[in-house]
Structure formats: C-alpha cells, structure tokens
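Below is one structure; the comments refer to it alone.
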Protein chains: 2
Amino acid sequence: MREEASESMQDYLKNIYLIIREKGGSVSTSELAKKMRVSPPTVTSMFVKLGERKLVKYEKYKGVKLSKKGEAIALEVLRHHRLIEAYLVEHLGYDWSEVHEEADVLEHHISEKMELRIANALGNPKFDPHGAPIPSADLSSIAKDETTRLGEHISGDIVVIERVREREKEELQYLAGIGMVPGKQAEVESVAPFGMVTITNENGTHSLPKEIAMSIHVKKI
Amino acid sequence: MREEASESMQDYLKNIYLIIREKGGSVSTSELAKKMRVSPPTVTSMFVKLGERKLVKYEKYKGVKLSKKGEAIALEVLRHHRLIEAYLVEHLGYDWSEVHEEADVLEHHISEKMELRIANALGNPKFDPHGAPIPSADLSSIAKDETTRLGEHISGDIVVIERVREREKEELQYLAGIGMVPGKQAEVESVAPFGMVTITNENGTHSLPKEIAMSIHVKKI
DNA sequence: TAACTTTATTAGCTCCGTCTAAATATATAT
DNA sequence: ATATATATTTAGACGGAGCTAATAAAGTTA
Ligand SMILES: [Mn+2]
Ligand SMILES: [Mn+2]
Ligand SMILES: [Mn+2]
Ligand SMILES: [Mn+2]
C-alpha cells in the first residue's frame, strides 16, 4: 500500500487528508505549503507528481482532493502515527506531549507486521493519547467527529474533554499540568470578547487563549 | 551524532565497521559494493563524500578506514539495530529470524530518547537475540569477540553456542528448529573434507554446510 | 618485463525533493 | 471595469544517491 509512495509523498497525503477532514473541500497550494513548511513551488510540483500517480485529483489553480488510493495511504500513515503515539505512552513511558515528533518519523518506517503487533499490544485502541481517532486496520473506517470546540461554548456549559489537537510540546505540557486532558471535565466560567475562555476544573480556574480553546474538543454534558 | 550523516551514509559506515571488525585492515570498493548491493562507482563516490566529511580516511585505490567520528556513528547505528532486535523479540513477540529487516530500517529513525527507553525496558542488555554484542550507550565499548567458529572445530569438541551471524531468515528458522541458538550446547561428530560439520545436540544429529558452520560462533567447553 | 585480468575511478546521466526568481492567473478593491 | 494585490505555476538550479559505459590503475601470470 504505502510502499507505492515515498516518505515525502506519504506526508503530503497525510496532511492533505487532515486539512480536508477538518474543513472539507480541497487543499490549496499555499495552505499545504504553510502546514508543511515548504515553498509553494515545491507543493505545486508534488501536486503534479501525486496527480500523475492518481493519488490525488489536481486541478490547476484549484488545489487537490484525495483519490481513493491516496486516501488509503493517508489513513494508513495516520493509523501508524496514532498507534505509535499510543504505544510510546503506554509501553515506553513517554508523556503525551513528547510523542508527536517520534511518531512523525516512525509512521513511515514500521512494517505491517509491526503495526499489527503494536495494535495488539495496545488492545486495538480506537483513539490515541490526544483523543484523535485511529483508523481501523482495514482503513475502512475512522470514528467521526461528534465533538464541539471548547472555544465555541458559553458561560455555564459543563464539558468533558474528548481530544486535544496537536500543538507545541510546551502547550500540551501546560494543558496536562492544569488537567485539561481527554476524559476530564471542566466548566466554562466566561468567554472574553476576544475569545479567551476561562474554565474551572478540579485544578482550579484557568484562562485559555482562543486559539488553544479552539483546539480542545469537548462534549457538553 | 548520527544526525551528521544521512541514512545512506549511516549504512555505509555501519557496514564498513562490520567488515573491518571481522577481518581488520581497510575496506575495498568492491567488498562494500557486494555487501551493500550497489555498484562499485556508487561506493567510490560515497567514499569521496565520507572522506570530505572526515568520517572515513579514504586513499584512492586502497579503500577506507573509519575515523573516530565515523566509528562513533557506526557504533550508534549498530547499537540501535541490536537494541531494536532485542526489543522486538522481548516485547513484541517477534521470532529471532524475522527481526533483521525491521531493525535495518528503524535503526536510522529512533531518537536518542527512544534508544534510552528501549534499553531500559530491556534492562540494558549486552547482547542481541543472535548473540551479537551491543555497543555501550556512550559508544566507548563493545564486547570483544572471544569465540571460535563451529566450522573450525574438530570431531569430539563440545561447544556452547554464543552467537549466530545474520543469515537468510529461512536458515535462521532452520537453525532454531534444530536447537542451534545462543546458549545451547552441541558436540561435533565429524567434519567432512569439504567442510560440512555434523553435530549432535539435544535435538539429534544434524549436518551443516561449511558456510553455515562458519557463521555459528561457539566456545569450547 | 610484457601481456592479460581484475579492480577502481571518471564521466555523464537519472530521479527525487527541495529552493529562488520570474511569469502568469485569479481575486479584490477602487 | 480597471488597477492592484495575492496566489499559483513555470523555469531553472542544486545536492543526494543511485546507475552504465568508458578509462585507468593495480595485480597476476607467463
Ligand atoms: Mn511524517
Ligand atoms: Mn496524536
Ligand atoms: Mn540500515
Ligand atoms: Mn542481530
């Protein structure tokens, strides 16, 4: 499967998938260039290459969408990434804030056999340590998002944290420090006009900038 | 450390180290080309590149030797390789015959942090599942070889197996099947003129072609 | 030593993934 | 609708790691 795409192509496909999953439609050159920290011409030439290999549908000046095959590769890499993150936390004592970089490399290099053994060692989890859904082994399904963002809630809402999106290691450490991790509860105290959210949880009262509040997925209870 | 050398360079350094460790002196173009399954000109150009980076001392028409720095990188990669093999066997249920390919890739991609955690999870082993010595964490030492080859022994010698060198997966499986794995004993029954060795162990009597007998390291008891 | 064989290097090409600078298409604002 | 700003593509380059074909050095044998 992913052997048909180089490590670099795998990363492009994965990031295209992630962007589309979050906001639908197609992915533009500049969007992807920014996310992947490469120049726009680099993205254009990769779009062409992925298009030739039918991993992507590319329309000049209109961006790309994933083909069935491209999506399968993206899901496989994502499955690896999230299983590895979970494994590092569960079996090698990593903190959830430090698994991302390691997984971002290893996702391209473990065999199917190793994927299987890791998944078994973990009991075939459905979510990674940040609460992100892990694609199924046959890549046919991935839990769909039924959460809202903490930043969308209003004063008085009581929520349980479902997921915290990838962010800087220091931010994740801070969030863990104040108990804002998947599974925990919090009550929204107030929302400032500029979007800052103040919450109270078992660790006390804390304010979170809008951007961070938007990267915390919750369910209202 | 190894960040200074690309994945490909790391593999060249590792293989140079392995050849020199086995037979001393320096490594020739054709020797390495054969071992690494690339063409001789590819090796020559890599020799030049490694020489420029002072990872190797290259003398035209006379092959290469490792510099201090080149050796350190080789040892680091080798440490990774062997720790990973051990980890796969101990913690992910791999058979010793199937760990090599996986380790050959992952050796270049695990972080120093992961190396440390794997080593700790294993109790800082000194040998990998095949009996090969694992370089120490500071790369200052590696157990020196005090073994002989099964193929060098004579009728009547009783030996304990210390190590089985990397070979085809099927050969390793066969050897495991007849109990020729590190830690087990065997008695040399006879040695044919063309080098085939017949041994008896707890599993019965078996004959091994010279090449295989030479890849089994033992100690006479 | 001369001839021949083997080994190694040089020359030149390819693909990959990246870049910058220049050109062009699309979107926005007056 | 025109001018301006922004996004995208094209052109051309580079370094890394590989290849084959041609050449040259080293080693071997007569
Ligand atoms: Mn990646
Ligand atoms: Mn994650
Ligand atoms: Mn390798
Ligand atoms: Mn080994």
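These numbers were taken from a predicted model, which means no experiment stands behind them. Below, chain A is the first sequence line, B the second, and so on; all start at residue 1.
Remark: C1' of C:dG17 and CD of A:Gln10 are 14 Å apart, rounded to the nearest angstrom. As rounded to whole Å, 18 Å separates atom P of C:dT6 from atom CD of B:Glu31. Between the CG atom of B:Leu32 and the C1' atom of C:dA8 there is a distance of 13 Å, rounded to whole Å. Here D:dA17 presents its P atom at 14 Å from CD of A:Glu7, a figure rounded to the nearest Å.
At the heavy-atom level, B:Met9 lies under 4.0 Å from the strands shown only through sugar-phosphate atoms. Among the heavy atoms of the strands lying under 4.0 Å from A:Thr44 is at least one base atom, whether or not backbone atoms are also near.
Residue B:Ser30 has no polar side-chain atom (N or O) positioned under 4.0 Å from OP1 or OP2 of C:dT6. For D:dG16, neither phosphate oxygen OP1 nor OP2 lies less than 4.0 angstrom from any side-chain nitrogen or oxygen of B:Ser8. Under 4.0 angstrom from either OP1 or OP2 of D:dG16 there lies no side-chain N or O belonging to B:Tyr12.
Side-chain contact check for A:Met46 versus A:Ser8: some heavy-atom pair is nearer than 4.5 Å.
Taking the six-membered ring for Trp, B:His81 and B:His100 have ring centres closer than 6.0 Å.
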Legend entry - side chain to side chain donor-acceptor pair (under 3.5 Å) assessment of A:Ser111 paired with B:Glu102: CA-CA 7 Å; A:Ser111 67; B:Glu102 196 92 53; 2.5 Å; yes

Inset, instruction - Given side chain to side chain donor-acceptor pair (under 3.5 Å), test A:His217 with A:Thr148 step by step and report yes or no. - result: CA-CA 6 Å; A:His217 288 53; A:Thr148 51; over 6 Å; no

Inset, instruction - Check the pair B:Thr147 / B:Val218 against side-chain contact (heavy atoms from CB on, under 4.5 Å), numbers first and verdict last. - result: CA-CA 5 Å; B:Thr147 61; B:Val218 301; over 6 Å; no

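Using a cutoff of 4.0 Å between basic side-chain nitrogens and carboxylate oxygens, B:Glu22 and B:Arg149 are scored as salt-bridged. Ion pairing between a basic and an acidic side chain is recognised when a charged N comes within 4.0 Å of a carboxylate O; A:Arg2 and A:Glu115 show no such pairing. Electrostatic pairing of B:Arg82 and B:Glu107 does not count as a salt bridge here, judged by no charged N lying under 4.0 Å from a carboxylate O.
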Anything under 3.5 Å between a protein N or O and an N or O of nucleotides 19-23 of chain D, put it in a table, one pair a line.
{"unit_1": "D:dC19", "atom_1": "OP2", "unit_2": "B:Ser39", "atom_2": "N", "d": "2.8"}
{"unit_1": "D:dC19", "atom_1": "OP2", "unit_2": "B:Ser39", "atom_2": "OG", "d": "2.9"}
{"unit_1": "D:dC19", "atom_1": "OP2", "unit_2": "B:Thr42", "atom_2": "OG1", "d": "2.6"}

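Judged by distance alone, the side chain of A:Glu3 and the main-chain N or O of A:Met1 form a donor-acceptor pair under 3.5 Å.
Sorted by residue number, the members of residues 47-64 of chain B with any non-hydrogen atom under 4.0 Å from DNA chain C read B:Tyr58, B:Lys60, B:Tyr61.
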